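Note that these values count all heavy atoms, side chains included, but never hydrogens, waters or copies made by symmetry. None of these values were measured; they are calculated from a predicted model. Chain identifiers are assigned alphabetically (A, B, ...) following the order of the sequence lines, protein sequences preceding nucleic acid strands; residue numbering begins at 1 within each chain.
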2 protein chains.
Amino acid sequence: MTETAGPARSARATIRDVAREAGVSTSTVSRVLDERLPPSRSETAERVREVAARLGYRKDSRASALRRQQSGTIGVLVPRLSDTVMAILFESIAAAAAERQMFAIVATTADDPGSERSAVESLLDQHVDGLVLTTARPDDVVIPDLRERGIPLVLALRHDGVTSAVVGDDELGGYLATRHLLDLGHREIALVAGPPYASSAVGRVAGFTRAMTEAGIDDIDRLIHPSTFGMESGEEVGRHILSTSPRPTAVFAVNDNTAVGVLAAARAAGLSVPDQLSVVGYNDIPLAARLPVPLTTVHVPFDQIAARAVAALARLIASPDEAPPGTTTTLMPSLIPRASTAPPPGARAPR
Amino acid sequence: MTETAGPARSARATIRDVAREAGVSTSTVSRVLDERLPPSRSETAERVREVAARLGYRKDSRASALRRQQSGTIGVLVPRLSDTVMAILFESIAAAAAERQMFAIVATTADDPGSERSAVESLLDQHVDGLVLTTARPDDVVIPDLRERGIPLVLALRHDGVTSAVVGDDELGGYLATRHLLDLGHREIALVAGPPYASSAVGRVAGFTRAMTEAGIDDIDRLIHPSTFGMESGEEVGRHILSTSPRPTAVFAVNDNTAVGVLAAARAAGLSVPDQLSVVGYNDIPLAARLPVPLTTVHVPFDQIAARAVAALARLIASPDEAPPGTTTTLMPSLIPRASTAPPPGARAPR
DNA sequence: CTGTTAGCGCATTCAC
DNA sequence: GTGAATGCGCTAACAG
């Protein structure tokens, strides 16, 4: 029997264990192990670090958070994790947070404004130091409230026009996708537009409209069909689009999910892609490249968006009083041509 | 100016604020608001609740956790969230946890045993009360360590043969999928087998083997091709399978991702599905039903698995000393026939 | 049922 | 540089 009789299951070493073992006070240990301070090279400091390592000491984040009033945790709000885009974004945010010794936790809203408040509260109950929201709406009522409460806040993927945000250039992405189809010779191009409450969808519509206007296409609005972001909606809207007359020779879908739905509708209608119908998606999720007909889509640099969002949030957390100007950072998308797009039926290949 | 000069940004009400306002001690407030105790109907209790509500009081989970030695948080370990199966499982776990007033946090390992340890430590650093692991391997070195440390632990989707686990019946699922193909008249059925370290994949292989053996097929091993769980691997293995001779008339893929890869390989080889090649997947992710050729697959009750796993974990957390017998709960999968399977080329339709 | 006292583990004064 | 004292917000043990 060594030592005194302790708990049967090895209890975690505390700061006091380290202090005793190193022959110093707990304050000293606390200071030596404070990541924010410049690391001391003194002999005592070395010894403390050595003892801490030997005992496998890890500071109790709850106690530390309680005292510091900072938890080193950030909250991320997404509509749903079963949407690969959101899963990838969260993974990237978690990785970016880890690089800064922070931990990211997540909650979902199902894109329902009603559950947004409770999801945010569940995050705040975990005492996050700040939030990354991907659910912003123009009329969002939760965000102003968070602002007033002084909670550090950054939007990602969608913006509300007011709060600091890191987004892709959706207008440009929409323009690139549409130009790609126009350049192939398409004129009758339908748009699966996404929901009006998401700035990302609205931006892509704007890019579509600009490209179509430039091309001298008339009455563009008739080509624009609202949807949600889901596959089902894509299929439903796709079915409708393919039954309109004149039937479009190409469809630009607001994201890869709805594009998959359009592909399903195309097959159901007996149309072959890309021979009879071209389809462009958005986001370049891993699936896009591996669909039976690889999907032409717009690549979005999610890891950059995540890294910038975390960096911006970290800055806000560090200096909460430097009035944040509410800047929007915009990152560039790029078109990835694949097999789902081709010149319209009966057209000679361009060039 | 009301009240005393406080911090500019509304600080959260503490238990003391409530106590003062209600004219009682903090202990009383603490007891009245203790969810674990039966709610008192006394007048004081009512008043305390009313004041707490009015002040918008929320207990500080860190302080509470520090004192109680329970955080009300559980940790979930998954290979990756960009795999829809894992995203859905985590969402279900988070929902099941919320029903019990617990919060679920997640970390990823990329199915890499090396990063498993650090991912688990990051979870433990957050002071989770217990863990749900979906990454178990037969030779897992982290799990025994967690056991020794007395950390409540439940496996999900994969088991290690020792630890308590909640899984789908992979053997049955594999059998059902294979029987479906056999019943359609296929004899030359290839298996994209998944990795040997995952019990889920191994079980599906066993079900495949049983069905094939029952059908009197010889030399089954030649039909079994290892893979990972990813789409790329499915495509690669699919390409290989379709170049073997005799070419299989059907493929059973270990999951929907690899099935998508096989579909891509089939198209690249100019084979039409299901006319020239039948394909069965596993998991029934939302995509499966909406692929251009809707995928026949095996449905897995992820929300039940999640609910059972959380329930089991909650039990372990509540009574950590009732030696847990290491039981495995097995839930039933079901085959969902869709358009990707049909009788083999040249066969009359059965019946 | 209620209040008093003590302390979870840590970080911060403030002296030295 | 270092250590003693104090308290973050909450809950447990105890006495009334």
Side-chain angles (χ1 to χ4, degrees), chain A residues 6-7 9-49 51-52 55-73 101 124-127 129, chain B residues 6-7 9-49 51-52 55-73 101 124-127 129:
Chain A
R9 300 255 206 12
S10 70
R12 263 168 91 125
T14 76
I15 199 171
R16 269 195 287 269
D17 300 324
V18 178
R20 189 178 343 99
E21 196 78 3
V24 296
S25 74
T26 58
S27 327
T28 302
V29 176
S30 177
R31 271 186 296 254
V32 169
L33 269 29
D34 188 334
E35 342 67 58
R36 301 163 302 181
L37 269 37
S40 159
R41 302 294 313 154
S42 82
E43 199 179 313
T44 322
E46 293 294 2
R47 182 157 34 87
V48 167
R49 273 188 281 267
V51 170
L55 297 186
Y57 169 75
R58 317 217 56 170
K59 89 172 60 175
D60 186 325
S61 59
R62 301 164 306 182
S64 176
L66 182 59
R67 187 61 239 241
R68 290 193 187 180
Q69 299 292 17
Q70 290 224 356
S71 62
T73 303
Q101 331 284 4
L124 293 179
D125 275 352
Q126 298 295 316
H127 284 86
D129 295 336
Chain B
R9 301 255 204 13
S10 66
R12 265 168 90 124
T14 77
I15 200 173
R16 268 196 288 269
D17 300 324
V18 178
R20 187 177 346 100
E21 196 80 1
V24 295
S25 76
T26 58
S27 328
T28 302
V29 176
S30 178
R31 271 185 299 253
V32 169
L33 268 29
D34 188 334
E35 343 65 62
R36 300 163 304 182
L37 269 36
S40 157
R41 303 293 314 156
S42 83
E43 199 179 312
T44 321
E46 293 294 3
R47 183 156 34 88
V48 167
R49 274 188 280 268
V51 170
L55 265 40
Y57 169 76
R58 316 218 55 168
K59 90 171 60 175
D60 186 326
S61 59
R62 301 163 307 181
S64 174
L66 181 59
R67 187 62 239 244
R68 290 192 186 180
Q69 299 292 18
Q70 290 224 356
S71 63
T73 302
Q101 332 285 6
L124 293 179
D125 275 352
Q126 298 293 316
H127 284 88
D129 295 335

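Checking Thr14(B), Ile15(B), Asp17(B) one by one against Val29(B), the side-chain contact (heavy atoms from CB on, under 4.5 Å) holds for a single residue, Ile15(B).
For dT11(D), one of the phosphate oxygens OP1 or OP2 lies less than 4.0 angstrom from a side-chain nitrogen or oxygen of Ser64(B). The side chain of Arg16(A) contributes an N or O atom lying less than 4.0 Å from OP1 or OP2 of dC8(C). Contact annotation: Gln69(A) side-chain N/O to dG9(D) OP1/OP2 distance is under 4.0 Å. Contact annotation: Ser30(B) does not reach the phosphate of dA12(D) (side-chain N/O to OP1 or OP2, under 4.0 Å). The phosphate of dC8(C) has neither OP1 nor OP2 within less than 4.0 Å of any side-chain N or O from Thr14(A). Considering only side-chain N and O atoms, Thr28(B) lies nowhere under 4.0 angstrom from the phosphate OP1 or OP2 of dC1(C).
The closest donor-acceptor contact from the side chain of Ser40(B) to the backbone of Ala45(B) lies at 3.5 Å or more, if one exists at all. Side chain of Ser61(B) to backbone of Asp125(A): a donor-acceptor contact under 3.5 angstrom is found.
Comparing atom distances between the Arg68(B) side chain and each of dA11(C), dT11(D), dG3(D) picks out dT11(D) as nearest. Proximity note for Arg36(B) (side chain, C-beta onward) versus dA11(C), dT11(D), dC8(D): the nearest is dT11(D). Each of dT11(D), dT6(D), dG3(C) was ranked by its minimum atom distance to the side chain of Arg31(B); first place goes to dG3(C). Side-chain proximity of Ser40(B) to dG7(C), dC1(C), dT12(C): nearest is dC1(C).
Per the geometry, CG belonging to Leu33(A) stands 13 Å off P belonging to dT2(D), to the nearest Å. Atom CD in Glu35(B) sits about 8 Å away from atom P in dT11(D), given to the nearest Å. Ile15(A) places its CD1 atom 11 Å from the C1' atom of dT12(C), with the value rounded to the nearest Å.
Comparing Ser27(B) and Arg62(B) along DNA chain D, the residue whose closest nucleotide (by nearest heavy atom) sits nearer the 5' end is Arg62(B).
Using a 4.5 Å heavy-atom threshold, the side chains of Arg67(A) and Leu66(B) count as separate.
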